[in-house]
Amino acid sequence: MDTEDGNETLYIQNLNEKIKSQGKTHIEMKGFLYQLFSHYGTVLDVINQSQYRMRGQAFVIFDTKQEAENAMRLLQGYYFYGKSMKLSYAQHKSDIIAKRDGVYIERPSSYSTEKRLEFFNRLKLKNSIKHRSDLGTTNGTFGSNNILFLERLEGSVSEAFLGNIFGLYPGFKEVRLVSEKGVAFVEYYDNEEAAKALIGLNGFKVSPTCQLFITYAKRG
DNA sequence: AGCACA
């Protein structure tokens, strides 16, 4: 979803998993791939893991999409250590590229399903912010309160999770969840920032069955 | 078949 027109990174399948040699094959393979692909551009890294799920596959990260495109065209089906390589673009940007482009989002180290969901939602959110920013969003005229009121929250929505989402909007101060009631208060440092978060996040799906319903908190 | 990055 984050790459419509190619990718700096190529995803390689059908690599020979057992090259006859002394060392660990995936480490050797990394070097072989590096050498081969370097003929077609600057290779920033080769990722080639040994776990079962990743066997026979690798990622070759080029500096530019053009280089990757070129390499893919010229090496598609290339016979390499007895097997023909299958090349395609990686589905996602590689971390090094994302960092270079200032678009990297910290990846959780332990991959519990909750963390995964959180990470995924952050990505979706990033996209929606990008799209909405074209619409001109707010101009301060409707910053009626610096505290937002969320209701109809599911029990599975945690305070930390809300913090992650609303924290992506500048000016975020804190979130207070009243989980028994399924409501929360999200506070920003000023009205305008709160308004932007409201506009950007109202209706945002936090789970398949729950979307954010946001209004301004009543003034106390 | 299988899309990772510490």
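Predicted model only: the values in this text are computed from it and were never measured.
In F172(A), the CZ atom is crowded: over 12 heavy atoms of neighbouring residues, nucleotides or ligands sit closer than 6.0 Å.
No donor-acceptor contact under 3.5 Å links the side chain of T9(A) to the base of dA4(B).
In this structure, the side chains of D63(A) and R100(A) come closer than 4.5 Å at one or more pairs of heavy atoms.
Where Y11(A) and D45(A) each meet DNA chain B at their nearest nucleotide, the meeting point lying more 5' is that of Y11(A).
Note: CG (N14(A)) to P (dA1(B)) measures 9 Å, nearest angstrom. In this structure, E17(A) places its CD atom 12 Å from P of dA1(B), rounding to the nearest Å. Rounded to whole Å, atom P of dA4(B) lies 17 Å from atom CG of L33(A). Remark: P of dC5(B) and CD of E8(A) are 18 Å apart, rounded to the nearest angstrom. Atom NZ in K99(A) sits about 16 Å away from atom P in dA4(B), given to the nearest Å. The CG atom of N48(A) sits 12 Å away from the P atom of dC5(B) (whole-angstrom rounding). Separating the CD1 atom of I96(A) from the C1' atom of dA6(B) is a distance of 13 Å, rounded to the nearest angstrom. Atoms OH (Y89(A)) and C1' (dC3(B)) sit 16 Å apart, rounded to a whole Å.
Figure legend: K196(A) and Y169(A) shown without cation-pi pairing, the cationic atom not lying both under 6.0 angstrom from the six-membered ring centre and within 45 degrees of its axis.
Considering only side-chain N and O atoms, Q57(A) lies nowhere under 4.0 angstrom from the phosphate OP1 or OP2 of dA4(B). An OP1 or OP2 oxygen of dA4(B) is reached within less than 4.0 angstrom by a side-chain nitrogen or oxygen of R53(A).
Across dG2(B), dA4(B), dC3(B), the shortest atom-to-atom separation from the side chain of Q49(A) is found for dA4(B). The S88(A) side chain lies nearest to dC3(B) when the options are dA4(B), dG2(B), dC3(B).
Between E28(A) and K30(A) there is no salt bridge, since none of the side-chain N atoms of the basic residue sits less than 4.0 Å from a carboxylate O of the acidic one. Ion pairing between a basic and an acidic side chain is recognised when a charged N comes within 4.0 Å of a carboxylate O; E17(A) and K83(A) show no such pairing.
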